[in-house]
Amino acid sequence: MKHQQLTPFPDGFLWGASTSAYQVEGAWNEGGKGPSVIDKATFSDKITDFTVTSDHYHRFKQDVALFAELGLRTYRFSIAWSRLFPQGSGELNAEGVAFYQQLIDELRHHNIEPLVTLYHFDLPWALQEKGGWSDPATIDAFVHFARTAFELYGDRVNYWLTINEQNMMILKGDVIGTLPPGTPDPQKTLYQQNHHMMLAQAKAMIACHEMLPQAKIGPAPNISCVYPASSRPEDVLAANNFTSIRNWLYLDLACFGHYNAVAWSFMREKGYLPTITEQEMAILRQGKPDFIAFNYYASATVGADLPYSNGEQEAGKLLDQQLAGIDTIVYVGVENRWLKKNQFNWYIDPVGFRITARQIYERYRLTLIVTENGLGAFDELTADNKVHDDYRIAYLHDHIEQLQLAISDGVELFGYCPWSAIDLVSTHQGIRKRYGFIYVNRDEHDLKDLARFKKKSFSWYQRVIQTNGQNLSEGVDY
Ligand code: BG6
C-alpha cells in the first residue's frame, strides 16, 4: 500500500535502546553473582573476553547519563538471574538486589522508563547442572525469580519482558548454549524444554497480573517474515512451514494458549513431541500477554528442496541465528537475490520489517514494541575518537521509515528499542561486531581503558527522538 499521508509516531512513543546483562555488565563473578551458562560456555573464552564485557556494572551511572543525553525514553536491559539468585533459587543475593535497584533509580532519576527482560540467555549454571530447562524444577525457579523481581522492583517498573528469543534458544540451541554439548536426542530435548519455558512464561505472566495490576508484560521472540524462494506452490508451502515452526509456534502458545497445528505436526513427524498435560495446557491458556515485543534483524527465505539451496549450506554459516538452515523435508534456507547483506552475512531488509510487524499485529491484535533491531559492523575509532557509522544510520533510517509505514497501515506500536544502546559483546562474534550508539574502547582480549565515545549515530538518533521520528533524513553535526 502506498500511503498518501503517513500516520505520525504516537505521542509518548517509547524511543529506546536495548542491552542484555551478560553482554554488557561484566563483573561476572563480583557482587556475589553466581555463574551462568554463558560463563561456563566453552565458545566464549576463545573468541573474546566475556568477563568484563562493557563494564556497565561499574560504569552504569556514566552510561545512564549518556542514555539521558541521547534522549532515551526507555532503556531495555535484563536482570542476570544468577546475580539475584547465585544458585538459581534459594538464597537471594543482597548485592545483586541493590545493583538493579540503583540502576532503576538512576533511570527514573533521568526520566527513562525501565523495560526489564527477566531472562536473556543466561540461565544460572547451578540450574543447568541439574538439567536446566529439561528439569521441571527450573519452571518453579523461574517463577520464584520473576515473583521476586516483581516484588523488589514492581513499584518502579511498568514494563516487563519474560524470555528473550525463546525461539532462537530452541532453533539454535547449539549457538546460544541452551543445550550442553553431547545431550542425547537434542531436538526432542529442546522441544520439551520449550514446553517448560512456555509454562514458566505463562506462570510469570499470571503472577505479574496478580501482583502488579498496573504493569504490563509480554514475550520477546525474534520474529522474521519468511519469503518463498519462488511462486511455486511447494515453495510457498515451505515458507508457510517455516513461519509456523520459527514464529507462530511460540506466539500462538503465548497469546492463544494452544500449539500451532503445523508446528505440532512437524514435531510429531520428527518424533520431537513434548510430554504435556491438560492441566499445563490450562495454565498456558490462562497466562496472557499485554503486548508483544519482538526482535527483528532480517527476513528469511526458504524453498521446498535442495536444488534451490546455495549460500546457506557453506561450512560455518549454519551456526547463526539469522539463517533459516535446512530441514530437507520441511524447508531449505536459500539466498535472496533481492537483498543486500551486512558484513556478517545477515540480510538487510527494511520492507521485511514492515511486513513482519503487520503479520504479527494482524494475527494477534496486540500492541507491539520492537525490542531489538540494528546493524552489527566493524566500527573504526579515528585518531580524534570519532566513529563515522553512516552505514548504521542508513540501516536505522530505513527501518524506522518502514515502521512508520507499518503504523500507517494500522499496526499499533508503542516503542522502538534498537540493539544496542552501547557497544557490547555479540552472542558469538565478539566485540568486533558492534551495534551501539556509544563506542566502548576495547578489543577482544585487550580491554584498554573501556572509555565511552559517542558515535555519529548517537547524534542522529538523538535528533530522531527529539523530533518524534519526523526528521529521519536530516544530516547531523558531528
Ligand atoms: C539477538 C539477541 O539474537 O540478537 C542478542 O537477543 C544478540 O543477545 C543480537 O546480541 C545480535 O546478535 P549477535 O549474534 O550479532 O550478537
Side-chain angles (χ1 to χ4, degrees), residues 16-26 36-39 41 43-44 46-50 53-54 56 75-81 115-123 161-178 197 218-224 246-247 250 292-300 316-325 341-349 353 356 369-379 391-392 395-396 399 417-437 440 444:
S18 298
T19 63
S20 90
Y22 85 89
Q23 295 174 278
V24 77
E25 279 179 11
S36 75
V37 289
I38 307 292
D39 300 317
F43 64 81
S44 46
K46 295 197 185 101
I47 301 167
T48 195
D49 168 88
F50 258 96
T53 61
S54 304
H56 179 67
Y75 170 54
R76 176 202 176 207
F77 63 95
S78 74
I79 295 180
W81 183 345
L115 168 59
V116 178
T117 314
L118 288 166
Y119 165 45
H120 192 124
F121 299 160
D122 52 355
L123 186 73
L161 303 168
T162 51
I163 300 179
N164 178 71
E165 293 198 357
Q166 182 177 328
N167 55 338
M168 291 300 119
M169 285 196 274
I170 302 307
L171 288 163
K172 309 282 170 181
D174 44 353
V175 187
I176 314 277
T178 324
M197 284 189 216
N222 177 312
I223 303 294
S224 294
R246 187 198 191 287
N247 297 333
Y250 303 88
I292 295 172
F294 72 106
N295 300 347
Y296 173 91
Y297 289 89
S299 54
K317 278 197 181 174
L318 288 180
L319 271 181
D320 206 297
Q321 69 266 45
Q322 282 309 136
L323 293 176
K341 287 181 172 177
N342 72 15
Q343 292 170 319
F344 293 85
N345 256 323
W346 289 16
Y347 284 114
I348 299 180
D349 184 8
F353 195 24
T356 303
I369 181 166
V370 177
T371 38
E372 286 182 36
N373 172 239
L375 184 74
F378 298 105
D379 290 345
Y391 38 87
R392 181 166 295 109
Y395 178 100
L396 295 171
H399 283 76
C417 300
W419 187 263
S420 50
I422 182 166
D423 281 349
L424 40 69
V425 175
S426 141
T427 56
H428 62 296
Q429 287 169 305
I431 187 81
R432 75 198 78 173
K433 190 182 192 186
R434 293 174 184 268
Y435 284 90
F437 294 107
V440 174
E444 300 303 2

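These values consider heavy atoms only, across backbone and side chains, with no hydrogens, waters or symmetry-generated copies. Along the sequence shown, residues are numbered consecutively beginning with 1. If you're wondering where the values come from, they're calculated on a predicted model, not measured in any experiment. Order of listing sets the numbers, starting from 1, for every ligand and every atom in it.
Of the possible donor and acceptor atoms, one in the side chain of S18 sits under 3.5 Å from a partner among the backbone N and O of T371. Panel note: side chain N167, backbone P221; no donor-acceptor pair is recorded below 3.5 Å. Of the possible polar contacts, none joining the Q166 side chain to the Y250 backbone as a donor-acceptor pair under 3.5 Å is found. Looking only at distances, no side-chain donor or acceptor of R434 sits under 3.5 Å from a matching main-chain atom of D379. A donor-acceptor pair under 3.5 Å is formed between the side chain of S224 and the backbone N or O of A298. Using modelled atom types, one side-chain atom of E444 and one backbone atom of I431 make a donor-acceptor pair closer than 3.5 Å.
Heavy atoms of W346 come nearer than 4.0 angstrom to ligand 1 in at least one pair.
Only side-chain heavy atoms of N164 come within less than 4.0 Å of ligand 1; its backbone N, CA, C and O stay farther off. The proximity of M168 to ligand 1, defined as any non-hydrogen pair under 4.0 Å, does not occur for either the backbone or the side chain. Residue contacts with ligand 1 for W419 involve side-chain atoms from C-beta outward but no N, CA, C or O (heavy atoms, distance under 4.0 Å).
Side-chain contact check for N373 and Y395: at least one donor-acceptor pair (N or O, by modelled atom type) lies under 3.5 Å.
Every atom of ligand 1 is numbered from 1 in the order shown, and the set under 4.0 Å from a heavy atom of S426 is 13 (P), 14 (O), 15 (O), 16 (O). Short contacts between ligand 1 and H428, defined as distances under 4.0 Å to a heavy atom of the residue, involve ligand atoms 14 (O). Atoms of ligand 1 found under 4.0 Å from any heavy atom of E372 (numbered from 1 in listed order, with element): 1 (C), 2 (C), 4 (O), 5 (C), 6 (O), 9 (C). Atoms of ligand 1 lying under 4.0 Å from any heavy atom of Q23, numbered from 1 in the order shown and given with element: 5 (C), 7 (C), 8 (O), 10 (O). In summary, the atoms of ligand 1 found under 4.0 Å from a heavy atom of T427, numbered by their order in the structure, are 7 (C), 8 (O), 10 (O), 13 (P), 14 (O), 16 (O). For ligand 1, the atoms lying closer than 4.0 Å to a non-hydrogen atom of Y435 are 11 (C), 12 (O), 13 (P), 15 (O). Every atom of ligand 1 with a heavy atom of H120 under 4.0 Å away is listed here by number and element: 2 (C), 5 (C), 6 (O), 8 (O).
For K433, a nitrogen or oxygen atom sits less than 3.5 Å from a nitrogen or oxygen atom of ligand 1, counting backbone and side chain alike.
Counting only heavy atoms from C-beta outward, the side chains of N164 and S78 never approach each other to under 4.5 Å.
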